[in-house]
Every structure is written in C-alpha cells, then in structure tokens.
Amino acid sequence: MRTVTKDNITEVFTGYFGEDTDPRVREVLGALARHIHDFAREVNLTHEEWRKGLEFLEWAGRITTPERNEFVLLSDVLGLSSLVDMLHSVPEATSSSVLGPFHVSNPPPLPVGGDLKRDFEGEVLLVEGVIQDTGGTPIPGAQIDVWQTAPNGLYSSQDPDQDIYSFHALMTVGEDGRYAFTTVRPVSYTVPSNGPVGGILEAAGRHPWRPSHLHFIVSAEGFQSLVTEVFPDDDPYLDEDTVFGVRDDLVMTYVDQPAGSFPEGLALSGQVPGPYARVDFDLVLASA
Ligand code: BEZ
Ligand code: FE
C-alpha cells in the first residue's frame with residue numbers, strides 16, 4: 001500500500017495517468033496539479049478558504065450565459081487571458097489583446113469610409129489605416145470586424161435601447177489594404193462587477209475600469225487572425241486596465257482636427273462642419 005502524504009500527493013497524482021494518456025494532457029494537467037498543490041501548501045489553504053473558492057466557481061457557473069461568461073471575465077481580471085495572448089504574439093505583427101465578451105457574430109457589412117456612428121451624439125472620430133503584412137505590403141481583401149461601446153459606455157448586448165448591431169460592423173478592404181470609418185470617440189467603462197468577479201476586485205482593492213478602446217478582429221487568407229484593440233494615449237486608465245489589455249503598439253494619439261477640414265470621400269463628408277478627431281492605426285498580420 002502507498003500512503004498519500006501532503007508532500008507526495010503531486011507525485012501520486014501524476015502516477016495515476018493512464019499509459020496511453022496524450023503527452024500534452026499529461027504535461028498540462030500534471031503542471032496544473034503541481035501548481036495547485038504548491039499553491040495550497042504555500043498559503044496553507046484552510047477548509048473555509050477552499051470552500052469559498054468552490055462557492056465562487058459555483059456562483060460564476062450559475063450566472064454564466066452566452067452573453068456573459070463570468071469564467072472568461074475571471075481569466076481576464078487575473079491577467080491569464082492577456083498572458084496567453086502575449087505568450088503567442090508574433091513580434092513583427094500588431095500585438096493581440098483581449099476579445100472581451102461583447103463581440104456580436106455576423107456584424108453587418110460597412111463599406112470602406114462608412115459610418116458607425118449613425119444617429120448617436122458625440123465627437124466624430126475618423127479611424128483609418130492599412131492592413132498589411134510584416135513586410136509592409138498591403139493585404140487586399142482583408143476583413144476588419146470592428147466594435148465598441150456607445151457614448152453611454154454600454155455595448156449593444158448590454159443595452160436594451162440599442163440595436164444589437166449598433167457600433168458593430170465588418171469591412172472588407174480593397175487592393176490598397178486601406179480601411180476607414182467614422183464613429184464617436186469611445187469612452188472608458190467598467191467590466192461587469194455585480195457578480196463574483198466583482199467581489200474579487202473589491203476584495204483586492206481594485207477598480208473595474210478599462211481605458212476606452214475600439215475592438216478589431218482582422219482576418220485575411222494566408223494570415224493569422226488578429227484580435228486586438230486601439231487605445232487613445234490620453235485615457236486616465238491607460239496604466240491600470242483591469243484586464244491588462246494595453247500594449248505599447250496599441251496606444252495611439254487621437255489627433256484633434258480643425259473645423260472645416262473633414263475629408264472628401266467618406267460617408268459623413270459634408271456633414272461634419274466642426275472639429276473632429278483622427279486616428280491612424282496600421283494593422284500588421286503575421287503569415288499563417
Ligand atoms: C471588453 O473590452 O469589452 C472587455 C474585455 C474583458 C472583460 C470585459 C470587457
Ligand atoms: Fe471593450
């Protein structure tokens with residue numbers, strides 16, 4: 001008989017793997033058990049703390065729906081989502097960043113130069129750039145899926161007053177790889193904090209704010225899809241994003257433009273007599 005002790009339990013665990021266990025499963029699950037066991041020993045985890053942890057997971061499961069996945073949010077605020085992103089980012093390509101839970105499938109098409117703002121009030125922001133490969137060559141036919149909050153800080157799926165596709169669009173670029181659209185300046189907002197993850201943030205003395213951003217999923221045949229975001233360099237939460245999504249190359253200046261300078265050739269041409277802002281953000285994809 002083999003006695004299980006607090007010191008050999010990890011070894012016993014790995015000894016239970018079947019002979020045919022997939023080597024990657026053995027590696028990942030073995031390391032998970034090792035770290036969990038080390039964690040419990042390191043903090044001398046009590047029964048009460050262990051039970052609280054399990055109740056936390058049960059609560060997260062109870063409130064998780066297709067629109068709100070509390071486990072993804074947990075991964076986000078622990079920095080795990082961002083760490084996985086960074087482990088697999090390609091240095092020559094644009095950095096990836098968190099997807100978040102508010103992307104909507106099958107967004108409506110928007111032509112290059114189209115308008116995402118529709119009837120919403122707010123400062124007009126012209127977003128443009130080139131989708132290119134790591135050598136700087138434009139990628140014709142690339143697609144860019146864009147989404148953001150409305151000026152009230154809510155995504156369409158959080159706000160019964162918004163059409164589900166408001167501030168969501170899919171653009172296909174032409175031969176020059178150039179994308180462009182108008183929108184309103186996104187605002188900083190808080191991640192959902194009325195559930196168990198909010199409890200963790202509160203216990204840790206953390207706020208739930210994210211710096212304002214635009215989300216993108218960029219895809220093209222023969223290239224790795226890129227999930228990313230762009231942040232303005234003057235946002236007060238830039239250095240304290242609660243989901244750790246900010247990377248140097250994703251921070252851009254939203255340049256103020258004078259009244260009367262809005263360019264031709266866009267859906268809003270002739271309709272923006274006052275000042276507006278402009279951000280130029282090229283997106284670099286790595287080969288598949
Ligand atoms: C977001 O940016 O939409 C987001 C990301 C992570 C958690 C919650 C929201
Ligand atoms: Fe977001």
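Below, each value reflects all heavy atoms present in this structure, side chains not excepted, and no hydrogens, waters or symmetry copies.
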Assigning hydrophobic clusters by single linkage (Ile, Leu, Val, Met, Phe, Trp, Tyr; side-chain heavy-atom cutoff under 4.5 Å), is [X] placed with [Y]?
X: L99; Y: V243; result: no
X: L214; Y: L238; result: yes
X: I36; Y: L29; result: yes
X: L74; Y: I63; result: no
X: L73; Y: W147; result: no

Could you tabulate the donor-acceptor pairs under 3.5 Å formed by side-chain atoms of residues 116-125, not counting sequence neighbours?
| unit_1 | atom_1 | unit_2 | atom_2 | d |
| --- | --- | --- | --- | --- |
| K117 | NZ | F120 | O | 2.7 |
| R118 | NH2 | Y165 | O | 3.3 |
| E123 | OE1 | R185 | NE | 3.1 |

Does the ring pair (Phe, Tyr, Trp, His ring centres under 6.0 Å) test come out yes or no for Y237 and H207, once each step is laid out? CA-CA 10 Å; Y237 294 104; H207 66 66; 5.2 Å; yes
What is the minimum heavy-atom distance between [X] and [Y], and which atoms define it?
X: S96; Y: L250; value: O-CD1, 4.3 Å
X: F17; Y: V25; value: CZ-O, 4.4 Å
X: D256; Y: A277; value: OD1-CB, 4.1 Å
X: P208; Y: S193; value: CB-CB, 4.0 Å
X: G113; Y: L266; value: CA-CD2, 3.5 Å
X: S261; Y: Y276; value: O-OH, 3.1 Å

Less than 3.5 Å apart, any donor N or O on the side chain of S82 or R247 sitting next to an acceptor on the other? yes
Is a donor from one side chain sitting under 3.5 angstrom from an acceptor on the other, for N8 and T5? yes
With sequence neighbours excluded, residues passing ring-ring contact (aromatic ring centres under 6.0 Å, His included) with F231: H213
Does this structure show an ion pair linking E55 with K52, if we count only N-O contacts that are shorter than 4.0 Å? no
Would E58 and R62 pass as an ion pair if we require N to O under 4.0 Å? yes
Taken in chain and number order and not counting sequence neighbours, the residues that satisfy side chain to side chain donor-acceptor pair (under 3.5 Å) with S219 are none
Taking side chain to side chain donor-acceptor pair (under 3.5 Å) as the test, write out the residues that go with Q143, two or more places apart. T172
Return the orientation label for the Y155 and F102 ring planes: parallel under 30°, perpendicular over 60°, tilted otherwise. parallel
Roughly how far, to the nearest 0.5 Å, is [atom2] of [Y] from [atom1] of [X]?
X: L268; Y: L126; atom1: CG; atom2: CG; answer: 9.0 Å
X: T253; Y: D234; atom1: OG1; atom2: CG; answer: 8.0 Å
X: D249; Y: S89; atom1: CG; atom2: OG; answer: 8.5 Å
X: S95; Y: L226; atom1: OG; atom2: CG; answer: 8.5 Å
X: Q158; Y: Y189; atom1: CD; atom2: OH; answer: 7.5 Å
X: H103; Y: H168; atom1: NE2; atom2: NE2; answer: 7.5 Å

Assess whether salt bridge (charged side-chain N to carboxylate O under 4.0 Å, His left out) is satisfied between E27 and R24, documenting all intermediate values. CA-CA 5 Å; E27 183 183 5; R24 182 64 177 161; 3.2 Å; yes
Side chain to side chain contact (heavy atoms under 4.5 Å, CB included) for E92 and V284? Distances and angles first, verdict last. CA-CA 8 Å; E92 305 78 38; V284 181; 5.8 Å; no
Expected output: side-chain [X] to main-chain [Y] donor-acceptor under 3.5 Å:
X: R26; Y: D20; answer: no
X: T14; Y: T10; answer: yes
X: E11; Y: D7; answer: no
X: Q224; Y: S287; answer: yes
X: S156; Y: Q162; answer: no
X: Q257; Y: V255; answer: yes
X: S97; Y: G245; answer: yes
X: Q148; Y: V184; answer: yes
X: S81; Y: D76; answer: yes

Report yes if some heavy atom in the side chain of [X] is under 4.5 Å from a heavy atom in the side chain of [Y]; otherwise report no.
X: R206; Y: V77; result: yes
X: F181; Y: V127; result: yes
X: D280; Y: M252; result: no
X: P151; Y: F167; result: yes
X: V112; Y: M171; result: yes

Evaluate the side chain to side chain contact (heavy atoms under 4.5 Å, CB included) criterion for residues T94 and F216: first the C-alpha distance (whole Å), next the side-chain angles of each, then the deciding distance (0.1 Å), finally the verdict. CA-CA 11 Å; T94 299; F216 302 98; over 6 Å; no
Show your reasoning for whether side chain to side chain contact (heavy atoms under 4.5 Å, CB included) applies to F244 and M86. CA-CA 11 Å; F244 310 93; M86 290 186 282; over 6 Å; no
Scan for side-chain hydrogen bond (donor to acceptor under 3.5 Å, both in side chains) pairs involving residues 128-138, sequence neighbours excluded, and state none if there are none. E128-R278
For V130, the other hydrophobic cluster members (4.5 Å side-chain criterion, sorted by chain and number) are none
A quick test of your reading: do over 12 heavy atoms of other residues, nucleotides or ligands sit less than 6.0 Å from CD of E202? no
Looking at I217, L110, D145, which one forms a side-chain contact (heavy atoms from CB on, under 4.5 Å) with L170? D145
